[in-house]
There are 2 protein chains.
Amino acid sequence: MACENETAIVLREAGQKVTPQRVHILCEVRHSGVHITASRLIEELRTSHPFIDASTVYRTLASAADLGLVYETDMGSGESEFEWVGKDRHHHLICRTCGDVTSLDNSYLDGVATLLYEEAGFQADLGHFAIFGVCKSCQTKA
Amino acid sequence: MACENETAIVLREAGQKVTPQRVHILCEVRHSGVHITASRLIEELRTSHPFIDASTVYRTLASAADLGLVYETDMGSGESEFEWVGKDRHHHLICRTCGDVTSLDNSYLDGVATLLYEEAGFQADLGHFAIFGVCKSCQTKA
DNA sequence: GTCGCAAATGCAAGTCGTTGCAGTTGCAGC
DNA sequence: GCTGCAACTGCAACGACTTGCATTTGCGAC
Ligand SMILES: [Mn+2]
Ligand SMILES: [Mn+2]
Ligand SMILES: [Zn+2]
Ligand SMILES: [Zn+2]
């Protein structure tokens, strides 16, 4: 239940009202593995908190993404996937051939952010990228 | 009409059947400025080729994106934007404050692709990224 | 504690995009 | 040119997501 309290604090700090719906939705995002789609979230909440409407889920996720509390990323499935923004900033490498998803430390793109700031004066927010390509093992198989 | 012929050739080389619908849809993508959404495309085709069904437009754009004939990018509007893959590979910087969109030469991310290949053996396809952040003039105003 | 109001929610209708299927068509082989 | 078949299309039903509006509620001010 530490999660509930902490989520409430984060919401309050972001200038949002702390409603039970929001706390349940965002705690579910935090607890349910890494990435989760809106429809899967709705499905899981249906059993634990059946009174929460789907539109509330969509609205909560959208505003949380705007406020930078969660990442919203297209991992190639067609549906956006959401992830709580924790301490470990990262990106993902996604293989177009086998579908394998791996994580990539934020530091790989630090150089790009620095370069953009120096050359264009642009303060880039390289939050949580999905980088598509072909993984090592799929290349050797070909 | 050079566009029609060239598009037909590209389709054939990609192993697709050359149908009038596909040629019209992809030529419209090529001609209509830089980025275009599916719904705007459907609207424009309604006047010139009213017989083309919306589902055909969506399917054509999806398969063209899979084949690497067009880029499909979320520029922040909520709708995917499509762009014909021409000679000039580029990315975009999008300001979250003023909405300004600028282009960025592909070379800025070349280093990342090299790094990913050397360190992870991952052959990244850094096609057409939308990089969000705050532009120079919006930073100075703040 | 209670009041008042802006913000958030639930509901229902609406829009956007996807999918299954039956009919059509491009095109390779003859 | 014809033929045959897999690929493609249009249609209609469907699922995903959004939006307008009346009601409820969190929470700051008293
Ligand atoms: Mn992630
Ligand atoms: Mn572009
Ligand atoms: Zn792979
Ligand atoms: Zn700006």
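Here is the naming used below: chain letters follow the sequence lines, and residue numbers restart at 1 for every chain.
- One distance of note links OG of A/Ser63 with CD of A/Gln16; it measures 4.5 Å at 0.5 Å rounding.
- Checked by atom type and distance alone, the side chain of B/His35 never pairs as donor or acceptor with a backbone atom of B/Phe82 at under 3.5 Å.
- Contact check of residues 60-83 of chain B against DNA chain C (heavy atom, cut-off under 4.0 Å) returns B/Glu79.
- Hydrophobic clustering places B/Tyr108 together with A/Ile131 (ILVMFWY residues linked when any side-chain heavy atoms are closer than 4.5 Å, directly or through intermediates).
- When each of B/His91, B/Glu81, B/Glu83 is checked for a side-chain hydrogen bond (donor to acceptor under 3.5 Å, both in side chains) with B/His128, only B/Glu83 meets the rule.
- Across residues 44-52 of chain B, not one residue has a non-hydrogen atom less than 4.0 Å from an atom of DNA chain C.
- Between the side chain of B/His90 and the backbone N or O of B/Asn106 there is no donor-acceptor pair closer than 3.5 Å.
- Qualifying salt bridge (Lys or Arg N to Asp or Glu O under 4.0 Å) partners for A/Arg89, counting only residues two or more places apart in sequence or in other chains: none.
- With a heavy-atom cut-off of 4.0 Å to chain A, the contacted part of DNA chain D has its first and last nucleotide at D/dA16 to D/dC27.
- Checked for salt-bridge contact, A/Glu79 and A/Arg40 miss the test: no charged N lies under 4.0 Å from a carboxylate O.
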Self-check item: Contact letters for nucleotides 18-30 of chain C, in which S counts primed atoms plus P, OP1 and OP2 and B counts the base, heavy atoms under 4.0 Å
Solution: BBB-----BS---
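- Following chains of ILVMFWY side-chain contacts shorter than 4.5 Å, one cannot reach A/Ile9 starting from A/Val70, and the two form parts of different hydrophobic clusters.
- Listed for the A/Gln139 side chain is a donor-acceptor partner under 3.5 Å among the backbone atoms of A/Val134.
- In this pair, A/Phe129 and B/Phe129 present their aromatic rings tilted. The plane angle is within the 30 to 60° band.
- Distance CE/A/Met75 to OG1/A/Thr73: 6.5 Å, rounded to 0.5 Å.
- The separation between A/Leu11 atom CG and C/dT9 atom C1' is 15 Å, rounded to whole Å.
- A heavy atom closer than 4.0 Å to some atom of DNA chain D occurs in no member of residues 24-32 of chain B.
- A/His24 places a side-chain N or O within 3.5 Å of a backbone atom of A/Pro20 that can act as its donor or acceptor partner.
- The hydrophobic clustering, which links ILVMFWY residues whose side-chain heavy atoms are closer than 4.5 Å, places A/Trp84 and A/Val18 together.
- For the pair A/Arg22 (side chain) and A/Lys17 (backbone), a donor-acceptor distance under 3.5 Å is present.
- Evaluated for a side-chain contact (heavy atoms from CB on, under 4.5 Å) with B/Leu93, the options B/Asp100, B/Leu104, B/Val101 yield exactly one hit, B/Leu104.
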